[in-house]
Protein chains: 2
Amino acid sequence: MKVEILKDPDVKSLTEILERTIKRRTILISGNCWISYWGRASSKLKPGERIVIIKKDGALLVHRPIGYEPVNWMPGDEIIYHVESEPQQSVDEQSTGGHINFEEPVLSIRAVRLKPRETIKIFFDKVYLFAALNLVDKGEFSLYASEEDMQEAILANPSLIEPGFQPITYEKRVEPGFVDVFGIDRDGRLVVIEIKRRTAGREAVLQLSRYVSSLKGKVNRDVRGILAAPRIARGVQKLLVSLGLEFKSLDPKRCAEILNKKRARSLEEFY
Amino acid sequence: MKVEILKDPDVKSLTEILERTIKRRTILISGNCWISYWGRASSKLKPGERIVIIKKDGALLVHRPIGYEPVNWMPGDEIIYHVESEPQQSVDEQSTGGHINFEEPVLSIRAVRLKPRETIKIFFDKVYLFAALNLVDKGEFSLYASEEDMQEAILANPSLIEPGFQPITYEKRVEPGFVDVFGIDRDGRLVVIEIKRRTAGREAVLQLSRYVSSLKGKVNRDVRGILAAPRIARGVQKLLVSLGLEFKSLDPKRCAEILNKKRARSLEEFY
DNA sequence: GAGTGGATTTCGCAT
DNA sequence: ATGCGAAGTCCACTC
């Protein structure tokens, strides 16, 4: 069955259908609930009307009517669920605060994550909508103009940095941290490139500086440090120069375009 | 009306109800859709069955049947929506990939965010469930065992650090950065405490070291630096010692418990 | 308005 | 397992 929808269901039917569908279907529940969380931190959420999503892999999301982020959540993997119908008497009024319907028993959903150990308990005293959906999703997702794309674009087209630049390795680990791209310029000098997809700040400059310094100490010869980013923060330019580093403007979107062309070309060659 | 639910609605009814409820209700849509995003980066998602949430503040979430994170999203605030019914012919088959139902027109939802400028376009060719919910949520959310709580716990119970420790100020600004807690030990020496809620890494040690150094330069007398955290990263212990700093194990949960007791007590006093 | 740092960050990768 | 760095990070706070 593709979709099972219950409108204003009672706790008994809910308990039953949840036990049957949890971690087998994508589940939507909307109603009045209160929530406690204990684990890496701990939290309490007093009663209110929210949306709860439980996915096939066990991932749990609680969304309030406002805001992009879930108020409570649990990433999938190794989540164990317990569903129970409980008499309302057991609910600690003080801990819940707001209004609770004392007529019917409450639905309790307990999610336990094993690593790290943490628990979310959700209590519903009123459910407006329950839906169990048998969703199939094999659609490919592709993201363009990420930092990884920028790196790939530089490797495919080194002149993006400057004429004569030759990449040698990328994402090479150097003490401390790592370098995004590592190569040689037209004069044979070592070049370390740090890539940022957004405006580069002080942190990026200091990081690059550490790379360059540690490398200089090892190879005992000149090393150029280039910060490749769409822009550099205003005050940071001076710092960059004072540390003997360079800046190269690099637009992530342009990198994405270059990559798209390259990918299209390799597709042509393939056919 | 609290809840409006449509099961297997046609595109025409959807367009109508969406225009009436969007940014006025919490909206749930589940069906077969494909999505493109353009803004800070860009992405494409080929057809598949997902859940779309649109909140009253305009926040948009697209969830696949697996995983904790949304595959596409838009934070609320300054989001403009356009809802249209479109003939399927206009859909670029190549850009969508998988299966598309060519019988009916498709529902298109376009969300435009102004700052930064970005756009999400969602096309549905089949909707299994549509729900518009009039949710009210005023429940208070409280999170415990934050870094701030640990600070508060130390101030309330200074012996957590060591016998005889006396806090003077907290979150005091010192060059560079700031100090979490600042006080005097039983021998009258200055103490700087840096608090970390989780395993303290190299960064925390270096930060504390900077505090202590700059303070020593100013007061021209001995200053102890104590890193208070649940644990310290393995390799970093040596660095800590070599910099003349100390480590004090401090469990955030225990801090939270202490605070809870303290708060309960003050509540008793209040009544 | 931009920069800085934290997050129940999550996620991935490399040691 | 642990640690480090990116993310369409988001978010709050400071300058």
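These figures come from a predicted structure and were not determined experimentally. Each chain gets a letter, A, B and so on, in the order the sequences are listed, and its residues count up from 1.
Within the 4.0 angstrom heavy-atom criterion, no nucleotide atom of any strand lies near A:Lys253.
When rounded to the nearest whole Å, the span between CD of A:Glu203 and P of C:dA2 equals 19 Å. For the pair B:Arg198 CZ and C:dA7 P, the computed distance is 7 Å after rounding to whole Å. Atoms CD (A:Gln207) and C1' (C:dT4) sit 15 Å apart, rounded to a whole Å. Summarising the geometry, the separation between NZ on A:Lys115 and P on C:dC11 is reported as 14 Å, rounded to the nearest angstrom. Following rounding to the nearest Å, A:Met74 (CE) and C:dC11 (P) show an atom-to-atom distance of 13 Å.
Here D:dC11 is the nucleotide among D:dA7, D:dC11, D:dT9 with the atom lying nearest to any side-chain atom of A:Glu69. Distance from the side chain of B:Ala233 is smallest to D:dG3 among D:dC4, C:dC11, D:dG3. The B:Arg113 side chain lies nearest to D:dC10 when the options are C:dT10, D:dC10, D:dA6.
Here A:Arg40 does not reach the OP1 or OP2 of C:dA7: none of its side-chain N or O atoms lies under 4.0 Å away. B:Arg197 has a side-chain polar atom (N or O) that falls below the 4.0 Å cut-off from OP1 or OP2 of C:dT9.
Using bins of under 30°, 30° to 60° and over 60° for the plane-to-plane angle, the ring pair A:Phe123/A:Trp34 lands in the parallel bin.
Judged purely by atom type and a 3.5 angstrom limit, A:Glu49 uses its side chain to pair as donor or acceptor with the backbone of B:Val136.
Rounded to a whole angstrom, the distance from the C1' atom of C:dA7 to that of C:dC11 is 14 Å. Comparing the C1' positions of D:dA6 and D:dC10 gives a spacing of 14 Å, expressed to the nearest Å.
Atom-to-atom distance recorded for A:Ile54:CD1 and A:Thr26:OG1 is 10.5 Å, nearest 0.5 angstrom. Taking NZ of B:Lys196 as the reference point, atom CD of B:Glu203 lies at 6.5 Å (rounded to 0.5 Å).
Where stacking is scored as ring centres under 5.5 Å apart with planes under 30°, A:Tyr37 registers as stacked on the base of C:dT8. An aromatic stacking contact links A:Trp73 with the base of C:dT8, defined here by ring centres under 5.5 Å apart and ring planes under 30° from parallel.
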Report task. Show your working on side chain to side chain contact (heavy atoms under 4.5 Å, CB included) between A:Leu206 and A:Leu239 and close with a plain yes or no. Result -> CA-CA 9 Å; A:Leu206 294 175; A:Leu239 175 64; 4.2 Å; yes

